[in-house]
Amino acid sequence: MSWQMALEYLRTLIWPAVVLTLGFTFRKQLASLFGRVESVETPLGTVAFEKQADAVAQEAAEIESEMAGQLAAAGPTHPEGEDAEIPESPTGEPQPITRPQGPASNFSEVFELAETEATAAVMAAWREVEIALKATGSKHGIARVSSRTLANMGLLSDELARSVDDLRHLRNRVVHEGDILLTKSGARSYITAAQRIVEALELSQDPRFRALQYERSVVEALSRAGLHTEAGFRDDEFDAYGQTPAGTMIAVDIRFRRGGRLQMRDMEKVVAKFPSLNANVLVVTNAALSEEVREFNRTHDGRPRCEVVQWQGDEDTPLLVRAIGRLAG
């Protein structure tokens, strides 16, 4: 073998030997480095993650805007205003409807974290969503909270529950599945989506919005119970009006309360309308009935006929069916 050929062999083998030597020498550092890399996926997957996060953020923002619009349309004179115990400003006027301000400050540190630790920022953003979900559940005595549980109880919309589920799926892809090469931009998109969802969750617990949700749920439940019902207008005396298959007209008064029992003083405005009514009256409330109201149910036999029912969900719909049957008889 000539010395030129030996030199060529040496040149060919020297770089693999160098790489192996460096790899063996710095094996611990390299292992730590690769442990921090979420994936070697192509940029296309990273772009898809960011777009999905942007889509969740947009959907949550639209949900929040729709809720705020519904509250604004209802106005401070909405019939649930009194029963919902809406807080007043120092001047005595109802507080204006505003978007929640808390989450912006809560998420500012998460956005800063995304500049250096994108994965940690995604996990922190999801924790904020979990905290908001638990806070919503704790107000209603729910120990094990999930978006689906809250949606089934009417505490948040199906659309908002789906947004929460979508955000959870994206978080799992980053933390558990590891098929995303997370970028700062992708992390910021995820954090924005989480912030919008938390804001929508907080707005969904506004007593005025809960009153509106409850009213719609009652109208739908009455229709399922056999009373073809339509919601009244803002200037109507009652919240809804229905007609039984036999043609009996029933005026519906819906009373949402944040707490406590429904008292006879709550019924005074309804009773005051009796002399001018040509329809029977069904009062539906989420609150427990006081003993006075129960006694009213047992003893009232005048015209128009009137019955008060506590309805908190589909499990109480048989109570509506029986009440409609008695009022139609």
Side-chain angles (χ1 to χ4, degrees), residues 35-39 41 44-67 99-100 102-206 209-210 213:
R36 293 196 300 269
V37 177
E38 284 82 0
S39 174
E41 185 181 331
L44 184 61
T46 300
V47 172
F49 175 89
E50 185 172 340
K51 286 187 175 180
Q52 289 170 354
D54 287 338
V56 174
Q58 181 178 352
E59 182 179 12
E62 291 173 355
I63 292 171
E64 182 190 0
S65 296
E66 183 179 356
M67 289 191 295
R99 293 175 180 264
S105 58
N106 294 342
F107 279 93
S108 59
E109 294 181 0
V110 184
F111 277 110
E112 292 178 4
L113 181 61
E115 297 302 310
T116 56
E117 296 288 344
T119 299
V122 166
M123 295 175 65
W126 174 248
R127 280 197 297 272
E128 293 294 334
V129 175
E130 288 185 315
I131 290 171
L133 288 171
K134 290 178 180 178
T136 301
S138 65
K139 293 178 182 178
H140 304 276
I142 305 172
R144 302 186 65 178
V145 178
S146 70
S147 57
R148 186 47 47 196
T149 299
L150 296 177
N152 290 340
M153 295 184 66
L155 299 176
L156 72 160
S157 66
D158 289 334
E159 293 79 9
L160 186 54
R162 283 195 295 269
S163 293
V164 173
D165 292 340
D166 289 342
L167 201 68
R168 179 188 293 106
H169 174 69
L170 289 175
R171 179 260 186 193
N172 289 343
R173 286 189 62 187
V174 171
V175 178
H176 298 306
E177 298 177 16
D179 64 341
I180 293 298
L181 182 61
L182 195 60
T183 63
K184 294 179 183 179
S185 179
R188 286 193 293 267
S189 294
Y190 186 94
I191 298 166
T192 300
Q195 181 176 350
R196 295 289 179 264
I197 285 178
V198 169
E199 290 173 351
L201 282 168
E202 293 193 351
L203 188 57
S204 71
Q205 295 309 298
D206 185 297
F209 185 76
R210 288 178 57 202
Q213 280 187 309

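Each residue takes its place number in the sequence, starting with 1.
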Do you know the tightest heavy-atom contact between [X] and [Y]?
X: Lys184; Y: Ala114; value: CG-O, 3.6 Å
X: Glu64; Y: Leu203; value: O-CD2, 3.6 Å
X: Leu201; Y: Ala132; value: CD1-CB, 3.8 Å
X: Ala200; Y: Met67; value: O-CE, 3.3 Å

In a table with atom names and distances, give each donor-acceptor pair under 3.5 Å that connects a side chain of residues 52-60 to protein atoms at least two apart or in another chain.
unit_1, atom_1, unit_2, atom_2, d
Gln52, OE1, Arg173, NH1, 3.4
Asp54, OD1, Ser189, OG, 2.9
Gln58, NE2, Glu62, OE2, 3.3
Glu59, OE1, Ser163, OG, 3.3

Is the shortest heavy-atom distance from the side chain of [X] to the side chain of [Y] under 4.5 Å?
X: Phe49; Y: Leu182; value: yes
X: Arg168; Y: Val129; value: no
X: Val175; Y: Trp126; value: no
X: Leu150; Y: Leu133; value: yes

Between [atom1] on residue [X] and [atom2] on residue [Y], distance to nearest 0.5 Å:
X: Glu50; Y: Leu170; atom1: CD; atom2: CG; value: 11.5 Å
X: Leu167; Y: Glu130; atom1: CG; atom2: CD; value: 10.5 Å
X: Arg196; Y: Thr192; atom1: CZ; atom2: OG1; value: 6.5 Å
X: Asp158; Y: Ser147; atom1: CG; atom2: OG; value: 10.0 Å
X: Gln213; Y: Asp206; atom1: CD; atom2: CG; value: 10.5 Å
X: His169; Y: Asp166; atom1: NE2; atom2: CG; value: 8.0 Å

- Residues two or more places apart in sequence or in another chain: which of them pass side chain to side chain contact (heavy atoms under 4.5 Å, CB included) with Ala125? Phe107, Val110, Tyr190, Ile191, Ala194
- Can you check whether Lys134's main-chain N or O pairs, donor with acceptor, with Ser138's side chain at less than 3.5 Å? yes
